[in-house]
Number of protein chains: 2
Amino acid sequence: MGQNNPDRYFLSENNLPFADFLHFGLSVDCVIFGYHSGSLRVLLIQRGAEPFKDSWAIPGDLVYPDEDLNNSANRILTHLTGLKNIYFEQFHAFGSVDRHPVGRVITIGYYSLVRSENYQPVASMWAKNVKWFDIEDLPKLAFDHSEIINKAILNLRKKVRTEPVGFELLPEKFTLLELQGVYEALLSERFDKPNFRKKILSMNVITPLNEVETNVAHRPAKLFNFDKKRYDELKNNEITFEL
Amino acid sequence: MGQNNPDRYFLSENNLPFADFLHFGLSVDCVIFGYHSGSLRVLLIQRGAEPFKDSWAIPGDLVYPDEDLNNSANRILTHLTGLKNIYFEQFHAFGSVDRHPVGRVITIGYYSLVRSENYQPVASMWAKNVKWFDIEDLPKLAFDHSEIINKAILNLRKKVRTEPVGFELLPEKFTLLELQGVYEALLSERFDKPNFRKKILSMNVITPLNEVETNVAHRPAKLFNFDKKRYDELKNNEITFEL
DNA sequence: AAACTTATAGTACTTTTTACTTTAAGAAAA
DNA sequence: TTTTCTTAAAGTAAAAAGTACTATAAGTTT
């Protein structure tokens with residue numbers, strides 16, 4: 001396999017037609033995170049075909065020959081959820097030699113954050129079943145998808161400390177306690193309520209609305225929304241989301 | 001191209017032989033960082049063959065069909081520098097449709113940190129020239145390599161705040177002022193000397209040696225080394241490298 | 001031996017964090 | 001209508017951490 005001749009594949013030396021090197025498959029897989037009543041969930045599909053027929057897996061697909069990676073991720077997300085402009089982020093490439101039983105397929109891992117109350121994902125031809133799973137209670141997964149999810153969680157937990165991604169999991173209008181719940185789920189850490197409020201408000205990136213929550217059996221909390229414009233103005237003055 | 005039929009490539013539906021999907025090239029490119037007297041540098045090669053013959057580029061190669069991504073990065077680094085066990089990290093996959101003039105080639109970007117005083121990289125058949133460049137003063141680069149370097153720098157700057165990667169750029173034994181220099185170069189920020197010392201020492205991850213620097217025209221500073229064992233013990237108690 | 005340079009220790013002040021207590025506001029039950 | 005309950009929201013005091021310095025020590029060079 002050329003291991004004894006380390007230069008064999010160097011672009012500058014080989015004399016083979018370039019097409020001889022185009023022997024890899026390429027796919028994109030998306031770890032879709034949602035938040036519901038205190039816990040973090042991922043959206044899984046049950047595969048309708050071999051390999052790993054009937055196994056649970058994260059949604060993904062082969063990349064089109066004329067499609068950029070981000071477009072591919074976007075296509076998969078829209079196709080599965082019906083939602084456009086979902087927040088997503090590439091986080092790692094997985095390319096073990098034996099990760100795919102049928103050939104050498106590299107997959108680019110993306111994670112995505114959705115407001116899970118917005119829609120109900122539906123099964124389709126290529127996914128006989130679609131379901132939310134709590135991240136603490138995942139089934140056995142196809143391919144190396146468990147590894148992919150674990151890496152996605154680690155990446156998300158780092159990201160959440162430096163960028164305001166937590167808001168992507170909440171509806172437009174939210175209470176401070178809901179926001180606290182999201183951060184507690186993301187970081188699996190409890191916060192003191194008055195201090196959380198103080199800290200978040202001091203960042204000046206959420207604005208209070210003239211509305212309160214309804215249908216609650218106690219004093220209703222004020223609703224807020226995330227002020228992206230204000231965030232963009234402030235982010236150079238070293239805003240961080242360390243809580 | 002199947003754009004009107006979004007399911008065309010879904011693994012579960014197509015009836016084509018799987019080999020028909022294996023039409024991508026795969027490479028690994030390494031952004032090698034070094035530190036020298038106050039500034040951060042990257043190691044570039046001058047290409048000896050088309051495409052982009054004579055252009056400066058970051059070192060990289062096609063991945064072997066039977067080689068994992070990390071092994072590929074390691075091979076490239078060892079081949080170029082002669083050093084083993086260099087620190088490296090995968091940071092992003094680049095897969096624009098037109099990023100490679102000869103075909104659809106996805107590249108996995110790695111960055112690496114080396115103690116640059118340890119060796120002198122040498123030119124070879126596939127690289128007619130090898131040279132360190134200050135990151136503030138880079139030449140025009142082949143392919144999308146400028147974009148790759150920029151992304152690598154952003155990633156490294158984030159990494160350095162949560163993990164003790166700064167030590168990878170220094171020799172085994174170093175003074176506190178040298179360490180401060182590395183962090184100042186990495187974060188492009190100046191620190192107060194007494195406070196930097198206080199902060200680093202309070203982390204308990206460097207140990208003082210019974211040695212001082214030599215050949216300096218003033219009071220010699222004490223030498224320290226990084227205590228990886230101690231770091232591993234402490235890192236669960238939320239150590240961060242915010243300076 | 002004096003002058004100079006840099007290491008290292010120390011200190012006083014400010015800001016932030018942490019762990020609480022108190023008060024307010026609405027809903028539901030009596 | 002009044003009482004009780006629950007949670008929102010504001011306030012406070014002590015501790016910790018960060019900041020901006022000053023002072024002293026330990027070597028080299030002249």
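Chain letters run A, B, ... following the sequence lines, proteins first and then strands; every chain starts at 1. The structure displayed is predicted, hence computed values, not measured ones.
Residues B:Thr107 and B:Asp29 have side chains that bring a donor and an acceptor to within less than 3.5 angstrom of each other.
The residues A:Arg99 and A:Asp144 are annotated as salt-bridged, a charged nitrogen and a carboxylate oxygen being separated by less than 4.0 angstrom.
Distance, B:Leu177 CG to C:dT8 C1': 12 Å, rounded to whole Å. If you measure from atom CD of A:Glu178 to atom C1' of D:dT7, you get 13 Å, rounded to the nearest angstrom. The nearest whole Å value for the distance from the CG atom in B:Leu179 to the P atom in C:dA7 is 13 Å. The CD-P distance, from A:Glu211 to C:dA25, rounds to 20 Å in whole Å. What separates CD of B:Glu213 from C1' of C:dA7 is a distance of 9 Å, to the nearest Å. One can place CG of A:Leu223 at 12 Å from P of D:dA8, the figure rounded to the nearest angstrom. Rounding to whole angstrom units, CZ of residue B:Phe224 and C1' of C:dA7 are separated by 10 Å. A straight line from CG of B:Leu201 to P of C:dA7 spans 14 Å, rounded to a whole angstrom.
Looking at A:Leu80 and A:Ile32, their side chains come closer than 4.5 Å, going by heavy atoms from C-beta outward. With a 4.5 Å cut-off on side-chain heavy atoms, A:Phe224 and A:Leu209 do not count as touching.
The six-membered or imidazole ring of A:Phe167 lies near that of A:Phe174, with a centre-to-centre distance under 6.0 Å.
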Quiz item: When you check every protein heavy atom under 4.0 Å of nucleotides 20-30 of chain D, what one-letter string (B, S, -) results, 5' to 3'?
Solution: BB---BBBSS-

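The side chain of A:Arg197 contributes no N or O atom lying less than 4.0 Å from OP1 or OP2 of D:dA8. Between A:Lys199 and C:dT17, a side-chain N or O to OP1/OP2 separation shorter than 4.0 Å is present.
For the salt bridge (Lys or Arg N to Asp or Glu O under 4.0 Å) condition, the pairs that include at least one residue of residues 153-175 of chain B, sequence neighbours left out, are A:Lys158-B:Glu163, A:Glu163-B:Lys158, B:Glu89-B:Lys159, B:Lys159-B:Glu163, B:Arg161-B:Glu189, B:Arg161-B:Glu242, B:Lys173-B:Glu211.
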